[in-house]
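Worksheet: one structure, shown below.
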Amino acid sequence: MKYLSTHLFNKGLHQRYFSSKTIIRRVFDIGSGSIKCQVATVDLKKRKVISLLYNDSRQVLFLSDLKKSSRITWTKFQEGQKAISDQLIESSQFDVHSTAGIGTEVFRKAENGASTLAKYSQYFDFPIHLVSPQEEARFGFESARCLSNVPYPRLVSWDCGAGSFQMSSWKGSHFDSQGSGTVYKTAQALQNSSSSPNPFLGNSLDEMLNILHHNLKTPPQWILNKENIFIGIGTSQSIFNQQRILGMSDTFTPEDVHKTMNELVGMSDTEIFHLEQMRFAEEIRNPHTVKMENAQYVIPKLALLLAAMRKCSIERLKFYQTNGNCTALLTDPQLWTPRLTGETFTFSARHTDFSKDGHSIVDGSCSINSAQPLNFIAEELDLKQQVPRDRSAYKDDALSAKSNFLTVNWHLEKTCNYKCKFCFAHFEQTKRNLDLHEGFHLLDAFREAGFYKVNFAGGEPLLNAYLDEYLKYSKMIGLKTSIITNATKLTQTWLDNNGPFIDQIGISCDSLDDAVNKWLGRGFGNHVEITTRAFQRVREFNKTAAIPIKIKLNTVVTSKTYMEDWNMFLESNGVTRWKAFKVLKIKGENDHIYDELAITDEQFQQFVDRHRSLKVGGLVMAPEDNDDMTESYVMVSPDGRFYQNKNSSYKFSEPILQVGVKDALDEVGFDLAKFEQEEANIRFSIDRVNEQIGATCAGAAKSPKKGGALGIATKW
């Protein structure tokens, strides 16, 4: 038997699951006024840019088209096409492995914005995604994370443009409609000027700062946390770079900004321009063009910077200059994370050709089939899938079909509000749960070790005080997430707040007869109703969700339930995955009641066979007997130790945070061969379901009957 322990690490298999790797990536940020491109060597494990190989920005004023109409013109499309082509040619000297791009605000506003990006994607053969404002906020955070060494829980990124600014952390984002451009208008009104507001007198500066303090939104409580470390990101024209040039430091305090502003009191545009020239000559680490016409914006920029720092209690800030979103795109986990389904990118445009009169692109649609909206390419791990590649610089490397998608099951909460008699996760010997920061470190360890997904279980995970934070943090560092819950605490409010950070929700229900559920300890006589209501809430959430949550059911099959028929319940509740366990005996957990609940292999097979003909489109069933559940899961206890079922009892490792993932996993073992075989069964099952669904869709015109299939698999 092959275990994920000494055998795995000593025989080179460690490279497949837990290794670091560097590749060269190329990214495009197609914005409202320019097209940015970067090529860099990226460390996949640390998610850091090792070396920047190419950095370019070309002015293409897409936004100017929208000032005249609601569409992007053929002329502007050609300008963008030439810019991208030139950047591809110039960067072709590098051994680029993967290319991807995004489109931002102007393409969200333009009627033909999506089809414009689709046309670029088809022409150049690399995926381009139209991102949402929320995704842009995440990019800002990712840029700050990549450029700094600030730990996630303490990092707050700050990005400021002409019309607004936003601060982002793993907890959320804070938006404000005050930007350098809006503050400039405030300065003009204050100075009663239709052009430059300079020169300013001291009392005028104080008045403008008071106005800004009143106009700025009250920041959320997480921004006021004294443990925060603020990182400013932006271009050479940003408010942060303005202070960097004049203050001659990329790290500054509110007092530093106030000192710079006082230095400018009474200065004309010409005097400010000459001062900036002089300071810039002494500080040339980042490119910056000093222009006379920019002098009128200097004090408004600094005023916004100072007012916001005071409003948000920012004691110190460090600035990193960026080229649009490129830094984040190079390292963003959701942009490059491979997908279990192996889906490829398709752009389905009704009409993506340009109109004959040469004025605009006709309407089209741009769709990306993916498990997550930013999962573009699977170049890092060995997953067979086809992806569009740039004709001029992609190497058509072969990707193996072997599994690299280890899921870690973290039973983060030892307590539960139910008393299931068959339960094998009481954790009576576990003294405590991990605290918040220990949990963050544990998730970091999972990610760095190469795990693909974390499944939060219990006990009852929704009783854990930190589950909400763990879900957000997991997504922030690139892990897929799922939870297994009894749904008693799954309120609509909780789902609305946390649903965007969950890929799959599994509900546990073991009988369709609530009297049986109550006898088993699964609830108090209304658990079927609770389960049905939870499924309904998830379905309602999915109607408006950018990424629908997959619906899963977990069922423990016992002597009291193996004769039940779940066909109608599964179909009516939209379940897409169903895991049915044969009740398992664990010494010290449920051995006192096991004999009364036990069923034979034949009885379990009867239960499985009863549901083989289920007609639910895309539902995959995963029956697991006792052998399937032995040493085939990577499980972690509430106090952060790996544990495995060996000979009907649990063996625990030393704490993972003390000895590391490798050594802790060595202690308990893991049946890699069994895991890989079950992964192969799942892929076969999903493929079969998809084929049958496709056949059903193809025949829909001929037959009005409802079609579907039940796939039988052993793990997902």
Side-chain angles (χ1 to χ4, degrees), residues 17-18 20 43-48 138 141-142 144-146 149-156 168-172 222 227 331-334 336-338 340 372 380-381 404-414 430 432-459 461-485 497-505 633-643 653-665 670:
Y17 288 89
F18 298 101
S20 178
D43 185 315
L44 299 180
K45 180 178 179 180
K46 296 180 179 178
R47 288 173 45 223
K48 289 281 187 180
R138 184 169 57 80
F141 186 87
E142 178 65 15
R145 185 210 63 80
C146 179
N149 293 315
V150 178
Y152 264 108
R154 299 184 65 187
L155 174 62
V156 178
S168 301
S169 79
W170 63 273
K171 288 187 174 181
W222 58 263
E227 297 295 316
T331 60
D332 181 70
Q334 293 190 44
W336 303 99
T337 297
L340 180 61
Q372 294 192 33
E380 289 95 334
L381 301 178
N404 280 287
F405 297 103
L406 284 171
T407 296
V408 58
N409 296 274
W410 180 16
H411 295 257
L412 78 165
E413 177 58 50
K414 62 177 302 217
T430 300
R432 68 181 184 93
N433 301 325
L434 295 182
D435 66 31
L436 178 62
H437 290 288
E438 287 175 323
F440 286 151
H441 290 314
L442 187 64
L443 291 168
D444 284 334
F446 295 156
R447 174 63 177 167
E448 290 172 6
F451 286 104
Y452 170 71
K453 175 183 175 182
V454 58
N455 179 48
F456 296 98
L462 269 70
L463 295 178
N464 188 274
Y466 307 125
L467 176 61
D468 297 14
E469 286 84 354
Y470 290 149
L471 287 167
K472 295 174 184 177
Y473 189 69
S474 296
K475 298 304 293 183
M476 193 66 71
I477 64 175
L479 289 166
K480 294 184 75 66
T481 60
S482 62
I483 62 172
I484 300 296
T485 174
N497 291 337
N498 295 281
F501 309 100
I502 303 173
D503 294 293
Q504 179 175 276
I505 291 179
Y633 285 86
V634 178
M635 298 183 293
V636 177
S637 63
D639 58 354
R641 296 180 291 161
F642 286 122
Y643 70 98
S653 73
E654 291 297 311
I656 297 169
L657 295 180
Q658 291 183 17
V659 302
V661 171
K662 174 185 177 301
D663 290 343
L665 202 53
F670 173 68

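Just so you know, residue 1 is the first one in the sequence shown, and it goes up from there. Computation of the quantities below employed the complete heavy-atom set of this structure, encompassing side-chain atoms and omitting hydrogens, waters and symmetry-equivalent molecules.
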TODO: State which residues pass ring pair (Phe, Tyr, Trp, His ring centres under 6.0 Å) with Tyr473; sequence neighbours excluded, sorted by chain then number.
DONE: Tyr152, Phe440

Task: Tyr470 versus Leu434, closest heavy-atom pair with distance - done: OH-O, 4.0 Å

TODO: Would you name the heavy atoms of Lys48 and Arg145 that are closest together and state the gap between them?
DONE: NZ-O, 3.2 Å

- [ ] Hey, can you tell me if Trp410 and Phe446 have their rings parallel, tilted or perpendicular (30° and 60° cut-offs)?
- [x] perpendicular

TODO: Compare every heavy atom of Leu443 with every heavy atom of Leu479, then report the nearest pair and how far apart it is.
DONE: CD1-O, 4.1 Å

Open item on the list: Quick check for you: to the nearest 0.5 Å, what is the distance between Phe501 atom CZ and Lys472 atom NZ?
Closed with: 5.5 Å

- [ ] Return the set of residues passing side-chain contact (heavy atoms from CB on, under 4.5 Å) with Asp435 (not counting sequence neighbours), or none when no residue passes.
- [x] His437, Glu438

TODO: Return the minimal non-hydrogen interatomic distance between Ser169 and Leu155, and the atom names on each side.
DONE: CB-O, 3.5 Å

Task: Taking every non-hydrogen atom, the tightest pair across Phe642 and Val408 - done: CE2-CG2, 4.5 Å

Open item on the list: If I take atom CG from residue Asn433 and atom CD from residue Glu413, how far apart are they, to the nearest 0.5 angstrom?
Closed with: 4.0 Å

Open item on the list: Can you tell me how far apart OG (Ser653) and OH (Tyr643) are? Round to the nearest 0.5 Å.
Closed with: 11.5 Å

- [ ] Show your reasoning for whether side chain to side chain contact (heavy atoms under 4.5 Å, CB included) applies to Ile656 and Val661.
- [x] CA-CA 6 Å; Ile656 297 169; Val661 171; 3.9 Å; yes

- [ ] Any chance you could measure Lys475, atom NZ, to Thr481, atom OG1, to the nearest 0.5 Å?
- [x] 4.5 Å

TODO: Please round to the nearest 0.5 Å and tell me the distance separating atom NZ of Lys480 and atom CD1 of Ile502.
DONE: 12.5 Å

Open item on the list: Minimum heavy-atom separation for Glu469 and Leu436, please, with both atom names.
Closed with: CB-CD1, 3.9 Å

Task: Non-neighbouring partners of Asn409 that pass side-chain hydrogen bond (donor to acceptor under 3.5 Å, both in side chains), sequence neighbours left out - done: Asn455

Open item on the list: Measuring from atom CG of Asp639 to atom OG1 of Thr430, what distance do you get when rounded to the nearest 0.5 angstrom?
Closed with: 4.5 Å

